Structures are given as C-alpha cells and as structure tokens.
Amino acid sequence: MNSDLVLYNTLSREKEVFKPIDPNVIGMYVCGPTVYGDAHLGHAKSYVSFDLIYRYLKHKFPRVKYVQNITDVGHLTDDADAGDDKIAKQSRLEKVDPMAIVEKYMHNYFRDMDALNVERADIYPRPSGHIPEQIENIESLIEKGFAYVMNGSVYFDVAQYDKNHHYGKLSGRSIEEMLEGAANRSLSSQSEKKNGFDFALWKKADESHLMQWNSPWGKGYPGWHIECTVMSQKYLGENFDIHGGGLENQFPHHECEIAQAEANTGKAFANYWLHNNMVTINGQKMGKSLGNGIFCAELFSGDNFQLERAYSPMTVRFFILQSHYRSTLDFSNDALEAASKGFDRLSKGLARLEQLKPSSESSINVSDFEKGLYAAMNDDFNSPIAISKLFDGLKMIAALEKGEAKVSADDLKHLKTVYHTFFFDILGLKLELDDRQSNDITEHLMQLILDFRAAAKAEKNYASADKIRDKLKEINIVVKDGKDGAEWSYE
RNA sequence: GGUCUCGUGGCCGAGUGGCUAGGCAGUGGUCUGCAAAACCAUCCACAGCGGUUCGAAUCCGCUCGAGACCUCCA
C-alpha cells in the first residue's frame, strides 16, 4: 500500500517513480474541452481516464489541486493562419452569441461527465476570463526576445527558443526533422511568420471576428496554446507536478505550452506529462469526416445508428476502465455488451459480499488481495488489472458463501473496505439504481403476486406459476426462484 | 515524405525474457419442476520471417498490416 506510484512520463518515454514537488499538495492540469459541441466518446475516455488518475492521487496524497480549462475562445477550424474560430463558427450556425454556445455546451459537458461520475476539478478556468494574464505573458515573451510582432499579431520565435532549449523534447522531434518533413508538404499562408514552425501568441482580428479584445498590438484574440501555459501556471505555479491531455495534443499544443513557459520562466514547466490514447469505433478511427462519431448522450439513450441499444453511464465507465488509459479503446456493441454483463456481475458480487457472515477465524488472506489491487494501481494506474483482481475476489466471495472458506469479523470488515475503496472511491463506479422507483404499493402488490405463485408451485401447478412469470416478464419484471423463495427485479 | 505508437484466442483487453491475466461468448457440469441467477470445470493466443538466448508472445532486425502526429481535434 505504501509502495511507490510509478507513472509513464511522455517526457522521458519511460515509467518513473512519481516524486511530488510538495507531497501535501499535488498539482495537476489537464487540457479540457473546447465547448462548441456535445461531449463524445473521446471526451468520455479522456476525462474518465484522468478522473481515475485524480481519484487515485487523492487516495494516496492529502490533497490534489486539479485544474482543467474549458476553452471558450481561440481555436481555429482549419488552417493555422486563416479560417475561423470554432466557437464563432458554431455561433453563426446556431445564430446565437459565441458565449451562448459556450454556456450551452459547457453545461452539456458537465451533464455528461456527471453521469459518468467524473469528479469535478477544483478550478475550471476559461481563457476569455484570462485575457489580461495572457497579454502580460506575451509581453514578457517579447521583452525576452522569444516573440515578435507582425502586423498586429504576435508570434513565438521557435528558432530563437531552440538555441538554448530543445523544441520538440516532448514529442521526440527536432526543428531539423520538422523542416525536412515539411519540405515534402505544401506550406501555405505562412508569409507573416519568420519560420513555418513559429506559432501565434496573439492574432489580429478583423472587424467581422465575433470575439476580440484590446491589446498593445491592436484588437485581436489570444493564440491557441497560450491559455494553457498561462492558466496552469496561474493556479499551480510556474513549475508543477502533472500535465495531462490527449495524445493528439502532444504536438504541437503541449510542445508549444512547454516552449512558452520555459522561455518565460527559465525553469521546468510540468514535471510529468500524461497522455491518454484515442478511441476507435469498430476498429475505425472516430472522426467527423467518417460520420461515425457517437456522443455520450447518444450512448446513454441508444439513439445512434451504430448502437444496438442504450448503454448506461456506468457500463460505459466500466468499459473504459477495463482498458488502460494509454491504449486505444475499440467501441463496438459486442464489447459494450460484454462490459455491461461483467459490470452487472461485479455489482452483484458487492451485494453478496454484504450478506457474508463472519467466522471465528480466516482461511483467506485479505491483505494479499489488497496488495494486488494497490500494485495494479501503482503501476501507472492499471485499472484493467485492478478490475481483474476484483473479479478474482468474486471467487473468494463464492467460496465464503459456500462455507468452503472462512473469514473472521475483522477480515470481513477489511474485505468490505477494500472492495468499497476500489469500486467506489478509486474506480469511481457506482451501483445503478433503477429509475423506476418502487414504492410501498408495488412492493405489496408484487409480494401478493409472488405469494400466489408460490402457492401454485406448492401444488405443483407449474402451468400457473410459469404463466405468472411469463406475464411479468412481458412488463419487464424478472422473477428468479431462490432457496429462500422468489425474488423480483426490473429487467 | 518525416516523427512516433501498436499488431494477443470467437469478441474486448492486460502482461512482457521461464510461472493461469481478466471480462464476454462457447462447451461440460452443480443447483432447479423448468427457467434465470450463482457456482465449478474447460476449449481457443500472442501478424509473418529471421536473429540473440539454455529458454521469447516478451529483446533485436526485416516484411506485412493498423493508428496517432506533422493542420483544429479528447
């Protein structure tokens, strides 16, 4: 339990022992969504993954300060130097203010993440609320010679930075390689920049641009990397523990964040970089152009042509956690169906655990069981292994039920604590209560029906007994005969 | 074209030099009037070809295939 947490650091491309700057408060920043559309499966995987990481860090350390941005400005739709702000584009489509788009999709984002039982971060900073900080930061970069002004825009001078730093250290690139690679591709509309790989810190806005602010360089809006550098450092300090995000943001976004921060402060930015992998659907990349995207809300309702049925939020969460955060995850009906059944069995196992009776002694080793779970989580948050251990534990529970194994009162309490800690607290799963609330009347009616059926069975009138069961099944009520009489539940 | 990652049984998905991953499905049982649930047992594997090694799915090389990034993207 006290063994070290090891995590895979993209910076070193190796697993490293996690050494916090201050063990009393861990600082973590994760790139959040740009809120111009509903949350999809990719968001679900990403934020469930970082929720797992957040929960486990909270479990191991006294406090974790978790910051996640909600991007409400600045990311363009196509070319790096032309095109339109995604949010502005959506606002024209929906014919409402850009900030109305932000409000709407931000609320939807939280709605879907809440359903997935993703815990809220401490702070959700938005770039539109940090314009002065971003301007200040850009001014500082200009002063230090790492940025230049061109026609009302400001660009980061990558070549200048690369003289004393390594631009590309996160994504394993070098400027030379990028130039070579770029030579084989057509480069367009980069006349304003000194070099093709320079990136914008501030963009001049023409009058038609919906979101713009005053700056020392005229009206404009911030570049698409500066927000994360500025907001992470504002809330976590110039040097902090963990920066997370999606793999596809490794380059250029995270690389640029590092360059901006380290040029300005002269010290290391984030110590550990964590990247989660992508989602595929039936083995295919999920993408707008392929038309195979699935929104979280569609998953929960089943309202998408690729879905055979609806899958509950916890089924989705469990499914995501059954693979490692650094692996790609393939969504398919078969895979979701398997996850649904597995989650159901594990959930029922938890209920069975509650019914166990202690003995005077134990023949099982709860500590070893617990150690296996911690070992899995300490190894770069390996939730699939942890879940497999929980399934292994089901065998132990079964043996205890059958009296083939014994457990002392203390050990039983311990075992329950371990299950609860991992199932609820760390994996962030919860039991899904049926929303068709039962009340006293249904309970009494059902008991009445089951009593009649029991009487029929006692008279070996199986035709009647089966008819009752079949008819109930038609209205989605399942009757199961057990040793101590029949039980019923909604299907 | 460049940089990087990956290829595991019917499906999903861990592991990573020698020891059963796990889930779902299948098969055979136990239980049950039957069914369901639960439990027990069990089949099916490491893309291909070379190399290193006492021993490789695991390391190295090549081939084939998939994906990410190089342009906004979780």
Side-chain angles (χ1 to χ4, degrees), chain A residues 13 30-34 36-37 39-50 74-81 83-86 168 171-174 176-185 187-188 197 224 244-253 255 275-280 283-288 318-319 322-324 326-346 348-349 352 376 379 382-392 394-395 397-399 401-402 404 457 460 462 465-466 469-470 473 478-483 487 489:
Chain A
R13 311 226 160 222
V30 172
C31 285
T34 301
Y36 68 104
H40 52 63
L41 286 184
H43 295 105
K45 172 162 162 63
S46 184
Y47 299 118
V48 165
S49 294
F50 283 108
H75 287 200
L76 302 191
T77 46
D78 43 36
D79 189 270
D81 278 342
D84 205 353
D85 184 303
K86 282 189 243 185
S171 51
R173 290 153 207 255
S174 68
E176 293 73 33
E177 282 167 1
M178 280 185 268
L179 284 173
E180 261 176 54
N184 295 304
R185 316 180 92 233
L187 295 175
S188 60
F197 42 63
W224 34 100
L247 201 57
E248 80 290 341
N249 275 333
Q250 214 175 77
F251 189 91
H253 184 58
E255 203 71 71
H275 289 98
N276 72 282
N277 218 132
M278 322 293 280
V279 161
T280 56
Q284 255 200 328
K285 170 189 176 171
M286 183 176 96
K288 272 187 191 147
F318 182 76
F319 175 62
Q322 260 193 315
S323 90
H324 188 90
R326 280 192 291 114
S327 299
T328 51
L329 176 63
D330 191 45
F331 270 80
S332 65
N333 281 287
D334 285 349
L336 253 344
E337 196 63 47
S340 172
K341 286 182 181 166
F343 177 61
D344 199 39
R345 188 155 79 90
L346 194 59
K348 283 176 182 162
R352 287 159 56 204
D379 184 12
N382 199 324
S383 55
I385 293 285
I387 288 172
S388 81
K389 300 282 177 200
L390 292 180
F391 275 109
D392 286 342
L394 253 36
K395 289 197 168 91
I397 291 171
E401 282 175 333
K402 289 191 284 190
E404 288 169 5
K457 279 181 70 178
K460 295 203 189 296
Y462 295 123
D466 288 354
R469 190 171 61 192
D470 292 344
K473 179 104 164 81
V478 183
V479 175
K480 289 171 194 166
D481 291 322
K483 280 190 175 148
E487 288 179 354
S489 63

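Throughout, protein chains are lettered first and strands after them, A, B, ... in sequence-line order, and every chain is numbered starting at 1. These numbers come from a predicted model, not from an experiment.
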With rounding to the closest Å, how many angstrom separate the P atoms on B/A36 and B/C24?
16 Å
d(NZ, A/K389; P, B/A21) in whole Å
12 Å
With sequence neighbours excluded, residues passing salt bridge (charged side-chain N to carboxylate O under 4.0 Å, His left out) with A/D466:
A/R469
Taking the same atom, C1', in B/G13 and in B/A45, what whole-Å distance lies between them?
13 Å
Under the side chain to side chain donor-acceptor pair (under 3.5 Å) rule, collect the residues that match up with A/R345, sequence neighbours excluded.
none
Between B/C40, B/C4, B/A68, which nucleotide gets closest to the side-chain atoms of A/L247?
B/A68
The side chain of A/S323 is closest to which nucleotide in this list: B/C69, B/A38, B/A14?
B/A14
Over how many whole Å does the gap from A/F319 atom CZ to B/C11 atom P extend?
15 Å
Examine distances only and state if a side-chain atom of A/N382 and a backbone atom of A/I385 form a donor-acceptor pair shorter than 3.5 Å.
yes
Please report the shortest heavy-atom distance between A/S171 and A/Q250, naming the atom on each side.
CA-OE1, 4.0 Å
Hits for side chain to side chain donor-acceptor pair (under 3.5 Å) against A/N276, two or more places apart or cross-chain, chain-then-number order -> A/S46
Sequence-distant partners of A/H324, ring pair (Phe, Tyr, Trp, His ring centres under 6.0 Å), two or more places apart
none
Give me the stems containing RNA chain B, sorted by first residue, counting only three or more consecutive Watson-Crick or G-U pairs with both distances under 3.5 Å; say none if there aren't any.
B:1-7 with B:64-70, B:10-12 with B:22-24, B:26-30 with B:38-42, B:47-51 with B:59-63
For A/F50, answer base if it contacts any base atom (sugar-phosphate contacts may also be present), sugar-phosphate if it contacts only those atoms, and nothing otherwise; contact means non-hydrogen atoms under 4.0 Å.
nothing
Distance-minimising heavy-atom pair for A/C31 and A/N249:
CB-ND2, 4.5 Å
Whole Å only: how far is the CG atom of A/D470 from the C1' atom of B/C34?
11 Å
Atom CZ of A/F331 and atom C1' of B/G13: how far apart are they, to the nearest Å?
13 Å
Using a cut-off of 4.0 Å on non-hydrogen atoms, how would the nucleic acid contact of A/V478 be classed: base, sugar-phosphate, or nothing?
nothing
Between A/H43 and A/F318, which is nearer to the 5' end of RNA chain B once each is assigned its nearest nucleotide?
A/F318
In whole Å, I'd like the distance from the CG atom of A/L41 to the C1' atom of B/C73.
15 Å
B/A37 phosphate, OP1 or OP2, under 4.0 Å from A/R352 side-chain N/O:
no
Does A/V30 reach a base, just sugar-phosphate, or nothing at all? Heavy atoms under 4.0 Å.
nothing
With sugar-phosphate meaning primed atoms plus P, OP1 and OP2, does A/G246 contact a base, only sugar-phosphate, or nothing at under 4.0 Å between heavy atoms?
sugar-phosphate
Pick out the pairs of N or O atoms, protein on one side and nucleotides 15-19 of chain B on the other, that lie under 3.5 Å.
from: B/G15; atom 1: OP1; to: A/N382; atom 2: ND2; distance (Å): 3.1

Between A/F318 and A/F343, how do the two ring planes meet: parallel, tilted or perpendicular, split at 30° and 60°?
tilted
Hits for side-chain contact (heavy atoms from CB on, under 4.5 Å) against A/K473, two or more places apart or cross-chain, chain-then-number order -> A/E491
Can you name the closest pair of heavy atoms from A/S323 and A/K45 and give their distance?
OG-NZ, 4.2 Å
Rounding to the closest angstrom, what is the interatomic distance between B/C59 and B/G1 at atom P?
26 Å
Remember a base hit wins even if backbone is also touched, and classify A/L390 as base, sugar-phosphate or nothing at under 4.0 Å, heavy atoms.
nothing
In whole Å, what is the span from the CG atom of A/D392 to the C1' atom of B/A14?
12 Å
What pairs with A/E337 under salt bridge (charged side-chain N to carboxylate O under 4.0 Å, His left out), at least two apart in sequence or on another chain?
A/R309
Rounded to whole angstrom, note down the C1' distance from B/G2 over to B/U71.
15 Å
Using the C1' atom as the reference point in each nucleotide, state the distance between B/U5 and B/C43 in Å, no decimals.
33 Å
Write down the distance separating the C1' atoms in B/A25 and B/C34, rounded off to the nearest Å.
24 Å
Could you list the residues that satisfy ring pair (Phe, Tyr, Trp, His ring centres under 6.0 Å) with A/F319, not counting sequence neighbours?
A/F331
When the nearest nucleotide of RNA chain B is assigned to A/Y36 and to A/Q322 on a heavy-atom basis, which residue is associated with the more 5' position?
A/Q322
Would you kindly give the CG-to-C1' distance between A/L394 and B/A21, to the nearest whole Å?
16 Å
Of the nucleotides B/C70, B/C40, B/A68, which one has an atom closest to the side chain of A/R173?
B/C70
From CG of A/N277 over to C1' of B/G13, roughly how many Å is that when rounded to an integer?
14 Å
What does nucleotides 24-33 of chain B look like as a protein-contact string, B for base, S for sugar-phosphate only, - for none, at under 4.0 angstrom between heavy atoms?
SS-------B
With sequence neighbours left out, the residues meeting salt bridge (charged side-chain N to carboxylate O under 4.0 Å, His left out) with A/E248 are none
A/K480: which residues meet the salt bridge (charged side-chain N to carboxylate O under 4.0 Å, His left out) condition with it, sequence neighbours left out?
none
For A/N249 and B/C73, is the shortest distance between a side-chain N/O and OP1 or OP2 below 4.0 Å?
yes
Determine the interatomic distance between C1' on B/C6 and the same-named atom on B/C54; round to the nearest Å.
31 Å
Using the P atom as the reference point in each nucleotide, state the distance between B/G51 and B/A74 in Å, no decimals.
47 Å
Phosphate-side-chain proximity, A/K285 and B/A68, N/O vs OP1/OP2 below 4.0 Å:
yes
